[in-house]
Amino acid sequence: LTTHRFKFEDALKAYDMIKEAKEPYVGIILEYDVEKEHEKVVYLKEPGVRSQNPDDNSKFKTCLPIGKIQNSKLTLGFVGAGNYAALHLIPHLKKNSDVVLKGLVTATGLNAKQKAEKFGFEFCSTDYQSLLGDETNSVFIGTRHSTHADYVVRALNAGKNVFVEKPLCVNEEQLGNIIQTYHSIIQSFNHSIALMVGLNRRFAPMTKILKEQFENTGPKQMIYRVNSGHIPTSTWLHETAEGGGMMIGEMCHFIDLMQFISDELPISVYAKSLSLKNSNIADSDNVSITVEFDKGSVGTLNYNTVGDKSFSKERLEVYSGGKVGVLDDFRLLEIIGNGKKVKKKSANQDKGQANQIIKTVESFKNNTSPIPFNELVNGMLVIFAAKKSLISGQSIQIEPYKLSE
């Protein structure tokens with residue numbers, strides 16, 4: 001049935017033959033050159049910083065740790081450009097004068113090119129390794145949860161400051177690997193390197209006020225209620241190796257905020273979930289987690305997916321030193337003390353994404369992170385301990401990770 005063959009680059013000749021009916025035909029095959037090597041990196045505009053050696057630009061060799069950021073600019077590579085990254089991360093980076101958007105990597109070439117052109121990246125690729133060469137000094141990671149740990153380790157080993165969306169990792173083995181890599185890099189090259197996780201709520205304007213009100217008030221009792229929407233168990237978020245469930249993928253936000261407000265180290269965790277007997281709803285998505293801290297504070301997270309979504313999503317109450325603080329959905333903050341109530345309202349909800357990027361850029365310029373490394377680690381230790389507590393029914397003791405370790 002095949003009567004004609006054309007090389008793909010000669011495809012127009014095939015269409016001309018059909019249109020003009022120059023000769024009889026039945027089947028026409030367009031042949032691709034499968035041996036042809038395609039470019040892994042596509043430049044969309046003249047790069048601002050290129051190596052003088054053309055071979056370096058094509059191979060993207062792994063570089064040594066960066067030391068001090070050159071020219072006080074972050075030359076930034078970004079991997080993953082889903083809805084959250086495209087709405088809450090990349091736009092804030094784009095308008096920051098201290099950031100140069102170098103490379104964007106996504107799973108497909110078409111998406112990489114479209115998003116890179118939209119946001120103004122210099123090059124795009126489907127190869128993560130292209131972000132780890134000498135054109136970048138920082139890497140931002142906005143991919144699926146299961147990829148976070150591997151991408152973090154590879155970026156740290158390449159000497160990059162790293163921002164990764166929450167969660168930092170999905171299991172304890174990955175966390176141990178990140179800790180080992182982080183300290184190995186610092187010890188090997190004798191300078192700091194930054195690792196930051198997208199735990200944005202501690203950077204919200206109302207969080208700042210709340211924390212200031214409860215500094216030096218002694219132990220705090222914190223109650224954090226989250227009325228979350230239902231996430232079906234069939235989604236990738238609930239796959240153990242892929243998303244880790246809402247406890248890992250979402251609850252780390254709220255544990256981090258209580259850790260930030262208390263300014264203490266977690267030492268024990270107890271968790272108890274509902275027993276719903278519903279295959280479409282995960283019991284572990286409907287859970288109470290109580291965290292004991294080392295200076296006497298206690299925080300309780302009540303997270304559920306079985307409520308009414310018309311009700312506010314988040315409410316944090318703090319009790320200490322004769323004061324009460326109530327943060328309601330990052331729209332209303334109330335401070336009650338000495339019989340008086342002070343309110344602060346906001347027409348727009350601000351969960352801290354913009355401030356988080358500003359602080360991250362400022363810190364990365366000095367190879368530091370706006371969240372101390374031990375707090376990133378301890379937040380994940382609480383989550384993993386909560387998972388163990390659900391299984392055992394017992395309180396799980398934690399050996400808190402300290403900065404000196």
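Every value quoted in this text rests on a predicted model; they were computed, and no experiment measured them. Hydrogens, waters and symmetry mates play no part in the numbers below; they use all other heavy atoms, side chains included.
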What are the two closest non-hydrogen atoms of [X] and [Y], and how far apart are they?
X	Y	value
Phe119	Lys94	O-NZ, 3.0 Å
Gln356	Leu199	OE1-N, 3.3 Å
Ser284	Leu390	CB-CD1, 4.0 Å
Phe364	Ser138	CD2-OG, 3.8 Å
Ser125	Ala112	O-CB, 3.7 Å
Ile193	Gly159	CD1-C, 3.8 Å

Run the salt bridge (Lys or Arg N to Asp or Glu O under 4.0 Å) check on Glu31 and Lys7 step by step: do they pass? CA-CA 5 Å; Glu31 296 180 326; Lys7 292 182 179 180; over 6 Å; no

Is [X] atom [atom1] crowded by more than 12 heavy atoms from other residues, nucleotides or ligands, each under 6.0 Å away?
X	atom1	value
Lys115	NZ	yes
Lys359	NZ	no
Tyr15	OH	no
Gln180	CD	no
Glu20	CD	yes

Do [X] side-chain atoms and [Y] backbone N/O form a donor-acceptor pair below 3.5 Å?
X	Y	value
Asp308	Ser310	yes
Thr75	Asn137	yes
Lys160	Gly133	yes
Asp283	Leu276	yes
Asp10	Phe6	no
Asn304	Asn286	no
Lys220	Phe214	yes
Ser369	Ala194	no
Ser392	Lys388	yes
Lys73	Ser97	yes

Looking at side-chain heavy atoms only, is the closest gap between [X] and [Y] below 4.5 Å?
X	Y	answer
Glu172	Met380	no
Ser363	Met196	no
Leu210	Leu316	yes
Leu76	Leu93	yes
His238	Met246	yes
Ile179	Val377	yes
Thr235	Thr233	no
Tyr224	Asn302	no

For the atom pair [atom1] ([X]) and [atom2] ([Y]), what is the distance rounded to the nearest 0.5 Å?
X	Y	atom1	atom2	value
Leu104	Asn111	CG	CG	7.5 Å
Glu250	Ile383	CD	CD1	10.5 Å
Gln174	Ser146	CD	OG	8.0 Å
Gln213	Lys208	CD	NZ	11.0 Å
Leu30	Glu9	CG	CD	10.0 Å
His230	Ile281	NE2	CD1	5.0 Å

Does the side chain of [X] pick up a donor-acceptor pair with the side chain of [Y] at under 3.5 Å?
X	Y	value
Tyr303	Ser228	yes
Glu122	Tyr43	no
Thr305	Asp285	no
Asn348	Ser346	no
Thr217	Ser320	yes
Ser312	Arg331	no

Charged N to carboxylate O below 4.0 Å: is that the case for [X] and [Y]?
X	Y	answer
Glu334	Lys344	no
Lys295	Glu264	no
Asp329	Lys313	no
Arg144	Glu242	yes
Lys102	Glu135	no
Glu317	Arg315	yes
Lys113	Glu117	yes
Asp256	Arg201	no

**Study point:** Derivation of the side-chain contact (heavy atoms from CB on, under 4.5 Å) call for Asn200 and His253
**Key:** CA-CA 8 Å; Asn200 50 277; His253 266 311; 3.2 Å; yes

Positive for side-chain contact (heavy atoms from CB on, under 4.5 Å) with Cys169, one of Ile178, Val152, Val164: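 Running side-chain contact (heavy atoms from CB on, under 4.5 Å) over Ile178, Val152, Val164 with Cys169 returns exactly one hit, Ile178.
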
task: Evaluate the criterion side-chain contact (heavy atoms from CB on, under 4.5 Å) for residue pair Tyr128 and Val139; output intermediate values, then yes/no.
output: CA-CA 10 Å; Tyr128 179 60; Val139 171; 3.9 Å; yes

*Applying side-chain contact (heavy atoms from CB on, under 4.5 Å), run through Ile248 and Lys166 and close with a yes or a no.*
CA-CA 9 Å; Ile248 287 178; Lys166 56 80 189 170; over 6 Å; no

Does the pair Phe330 and Thr207 meet the rule for a side-chain contact (heavy atoms from CB on, under 4.5 Å), with working shown?
CA-CA 8 Å; Phe330 296 89; Thr207 298; 3.5 Å; yes

- Between His183 and Phe373, does the ring centroid distance fall short of 6.0 Å?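 Ring centroids of His183 and Phe373 are less than 6.0 Å from each other.
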
